[in-house]
Novice: 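Here it is, the structure, as structure tokens.
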Protein chains: 2
Amino acid sequence: MTTIDDVARAAGVSVSTVSYALSGKRPISASTRERIEAAVRELDYRPHAGARALASARTNVLALMAPLRVDVNVGVIMQFVTGVVTQAQTYHHDVLLLTQDDHAGVERVAAGSMVDAVIMMDVEADDPRLPILRRQRQPAVLIGLPRDTAGFSCVDLDFESAARSAVDHLLRLGHRSIALVGSPQAVLDRHTTYAARMVRGFTEEAARAGVAAVFEPCESSHSGAVAAVDRVLTRLPGVTGIVVHNEVALPAVLATLRERGRSVPDDISVVAVCPTDVAVGQPQQLTSVDIPATAIGGVAVDMAMARLDGTQLAETRLISPVLTARATTGPAPA
Amino acid sequence: MTTIDDVARAAGVSVSTVSYALSGKRPISASTRERIEAAVRELDYRPHAGARALASARTNVLALMAPLRVDVNVGVIMQFVTGVVTQAQTYHHDVLLLTQDDHAGVERVAAGSMVDAVIMMDVEADDPRLPILRRQRQPAVLIGLPRDTAGFSCVDLDFESAARSAVDHLLRLGHRSIALVGSPQAVLDRHTTYAARMVRGFTEEAARAGVAAVFEPCESSHSGAVAAVDRVLTRLPGVTGIVVHNEVALPAVLATLRERGRSVPDDISVVAVCPTDVAVGQPQQLTSVDIPATAIGGVAVDMAMARLDGTQLAETRLISPVLTARATTGPAPA
DNA sequence: CTATGGTGTCGAAGCGCTTCGACGACCGAG
DNA sequence: CTCGGTCGTCGAAGCGCTTCGACACCATAG
């Protein structure tokens, strides 16, 4: 292994000069810098991460706690992860991947000074990991919105507002009888707040407009989707507009509607709440409210970095939803 | 931060004694050990990862290079990742997530001594990352099979054999006219070898049995699946058995067959090559050859660890396929 | 009773890097 | 000219941990 000593010797300067030349934290003459850079290239020098972490109390690594269960919307998770990793790169940070249920993970990694900050996905209302996270000295960013955000930076899509805009879109098209096919019961039971926020936005907006509205949770499987659609059709036979907030069940929901003799969008309009690429990847291009997962992941990193260099305090940021009308919504049938 | 010094002082022993008590690398009397453990608990001591890495040349971190593109079989990737992370935990290792196309990533992370080993997914025949990987001192494990495996441990499903067993299953049911709907052309062009190995196994086995066989690549989208099925139906109108090696297109392939008036399995039998959970998550339970992604990820970690403690040389391990008959295959129509 | 060999513990030397304080050299201002 | 101030560089002190060699102690064998 070539060390900073080797570089210093090769360039004929002291170790500290090399360090300063490389970090730019003190002025170094052009000629010296060039000699050092040449030596670095020549010797293919790469600083030892551990030594650097020890001396500088910075690791250039971020912890990302992601739900690696396969049952839920894998694609969306992947997009968050991609957003985080990609944005981290621009800050010269790497990403340490922790699994959701490895509670000791955060502690190990943060208390052991392996990371500069922690980003946590899929936060529940009273997430048991939050107290642990709070007592670490590294800043933490949550993707999601717990009951008590004190001390944390939070970022998420404004799901309440997403629900409202989906409902408004249907209202403007004249629909007076609408339904929400949402997350699996397990997700609601876990008090993952995006699911609840979605339901609240949907219910409130429908109530405000005085239209008939039902909500049905939906398991993420073919049979779950069939069951959910049938429950909706039973409870609200005259339904003409459906908001679907469940990427996995989406295709099955559409298929089931067709099977039950309802044509989309002639009999029933469908608005999905999902990443754009899944909305346009279906046989029918779906009207959808985008979940900008990659972008949110990126923002999470930005917030973590801002906290790190002290330019910003903890804050909560809710991203405004954007609805794009495509082929699955139309005027309510007469 | 509490350091090993604090613990030593609290327990009334020297720093080295604490280190040995914690690592178990030298015998320590029961009474001393207990005092030390008490102090550790009391002070909530957590060793500094960087310091440890510096002193011991071990980081307890693994690099995992995964294709975070969203276009391909996200679910499968996730399963590999899960397998790796989970198994790494049993060896007290964490996982640093690198993206496929960050070529500099391996070098940065390995040359900078951030990781003890590297695991690389989605390897191409002449992968440009391999030379870089070869010149690092850390062992590397590939999930996949490049042309030249020298110096690497490799693990993958035996796709050739998987294709054979899918074909054999169809042959035994009397099918004499079969097709393979496979990976997207882009994957083949990239020379990702699993795709090619699959095609080879399929083609050879069909030829050996003297049955009519066609192969069609298939884009991972609804329209891609429709097109691929139609191409198959055109080239081989009498086809009665189809092997599908494309998780994403799977539902659309089945839907298209139905739309073209072919009933499964009465007119056409379908064998999928995919993880079991996607095979049973479809409206119809699919006969499938399992891709044991989680297990393979775990094996990759095992191999990396075995290399690390020198108990094993580099080797290639191909996992034998297991076919499970379910609802989508039946006797060839008369 | 001495030689022998475990056991259990300690001190000190690094591991490779950052950073602080110091110090010449050189500049322009007075 | 001299004085203060930059600029560019250096030496040394850690950062927190592991590990090597040394050594004291005790039990057993000769």
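The model shown is predicted, which means the values in this text are computed figures rather than measured ones. By convention in this document, chain letters (A, B, ...) are assigned in the order of the sequence lines, proteins followed by strands, and residues within each chain are numbered from 1.
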Novice: Of the options D:dC17, C:dT19, C:dT9, whose atoms approach the side-chain atoms of B:I28 most closely?
Specialist: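 The nucleotide sitting nearest to the side chain is C:dT9.
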Novice: Has the side chain of A:Y20 got a donor or acceptor that lies under 3.5 Å from a partner of the other kind on the base of C:dC20?
Specialist: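 Result: at least one qualifying N/O pair found.
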Novice: Take atom CD1 of A:I36 and atom P of D:dC10, then tell me their distance rounded to the nearest Å.
Specialist: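 Rounded to the whole Å, the gap is 8 Å.
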Novice: How close or far is atom C1' of D:dT9 from atom CG of A:L22, stated in whole angstroms?
Specialist: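 Result: 15 Å.
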Novice: Base, sugar-phosphate alone, or nothing: which one does B:V15 contact when heavy atoms must sit under 4.0 Å apart?
Specialist: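 Base, at least one base atom sits under 4.0 Å.
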Novice: Could you tell me if A:S320 and A:D158 have a donor-acceptor pair between their side chains, going purely by distance under 3.5 Å?
Specialist: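 There is no such pair between these side chains.
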Novice: Ignoring the backbone of A:R52, work out which of D:dC17, C:dC17, C:dT19 is nearest its side chain.
Specialist: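 Selected nucleotide: C:dC17.
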Novice: Between A:D5 (CG) and C:dG16 (P), how many Å, whole number?
Specialist: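 The answer, rounded to whole Å, is 9 Å.
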Novice: Looking only at heavy atoms, which two atoms of A:P67 and A:I77 are closest? And how far apart?
Specialist: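 So the minimum-distance heavy-atom pair works out to O-CD1, 3.3 Å.
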Novice: Measure the CZ-CD distance between B:R307 and B:Q312 for me, rounded to the nearest 0.5 Å.
Specialist: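 Nearest 0.5 Å value for the CZ-CD distance: 8.5 Å.
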Novice: Which comes earlier along DNA chain C counting from the 5' end, the contact point of B:S14 or that of A:K25, where each point is its nearest nucleotide?
Specialist: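 Nearest-nucleotide comparison on DNA chain C picks B:S14.
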Novice: How would you label the contact of B:T32 with the nucleic acid (heavy atoms, under 4.0 Å): base, sugar-phosphate, or nothing?
Specialist: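 Sugar-phosphate, no base atom in range.
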Novice: Indicate, with a heavy-atom threshold strictly under 4.0 Å, whether A:P27 touches base, sugar-phosphate, or nothing.
Specialist: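 Base contact - A:P27 has a heavy atom under 4.0 Å of at least one base atom.
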Novice: Just checking B:S16: base, sugar-phosphate only, or nothing, at a heavy-atom cut-off of under 4.0 Å?
Specialist: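 Base, at least one base heavy atom under 4.0 Å.
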Novice: Do the side chain of A:R26 and the base of C:dG21 come within less than 3.5 angstrom through a donor-acceptor pair of N or O atoms?
Specialist: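 Indeed there is one.
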Novice: Let me spell it out: for each of B:A55 and B:T17, pick the nucleotide of DNA chain C with the closest heavy atom. Which residue's pick is nearer the 5' end?
Specialist: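 Residue closer to the 5' terminus by nearest nucleotide: B:T17.
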Novice: As a quick check of understanding, evaluate side chain to side chain contact (heavy atoms under 4.5 Å, CB included) for A:H48 and B:M114, giving each step before the final call.
Specialist: CA-CA 8 Å; A:H48 184 289; B:M114 298 184 70; over 6 Å; no
Novice: Taking for each residue the nucleotide of DNA chain D bearing the nearest heavy atom, is the 5' side occupied by A:V13 or by B:V18?
Specialist: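 Result: A:V13.
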Novice: Once you round it to whole Å, what is the distance between C1' of D:dC17 and CE of A:M114?
Specialist: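 Distance check: A:M114 CE to D:dC17 C1' gives 15 Å.
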Novice: Which is true for A:S19 with a 4.0 Å heavy-atom rule: it touches a base, it touches only sugar-phosphate, or it touches nothing?
Specialist: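 Base contact - A:S19 has a heavy atom under 4.0 Å of at least one base atom.
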Novice: Do B:S153 and B:R317 have side-chain atoms, one donor and one acceptor, less than 3.5 Å apart?
Specialist: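 Note: B:S153 and B:R317 side chains miss the donor-acceptor criterion.
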Novice: Do B:D302 and B:Y91 have side-chain N/O donor and acceptor atoms under 3.5 Å apart?
Specialist: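 Judged by distance alone, the side chains do pair up.
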Novice: Where the side chain of B:H48 is defined as all heavy atoms beyond and including C-beta, which of D:dG16, C:dG16, D:dT19 is the nearest nucleotide?
Specialist: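 Shortest atom-to-atom distance from the side chain points to D:dG16.
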Novice: With a 4.0 Å cutoff (strictly under), does any side-chain N or O of A:S29 reach OP1 or OP2 of D:dT9?
Specialist: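 Result: yes.
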Novice: What's the OH-C1' distance between A:Y45 and C:dT18, to the nearest Å?
Specialist: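 The answer, rounded to whole Å, is 10 Å.
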Novice: Check every atom of D:dT19, C:dG16, D:dC17 against the side chain of B:I4 and return the nucleotide holding the closest atom.
Specialist: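 The answer is D:dC17.
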Novice: Rounded to the Å, how far apart are B:M1 CE and D:dC15 P?
Specialist: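 Distance, rounded to whole Å: 11 Å.
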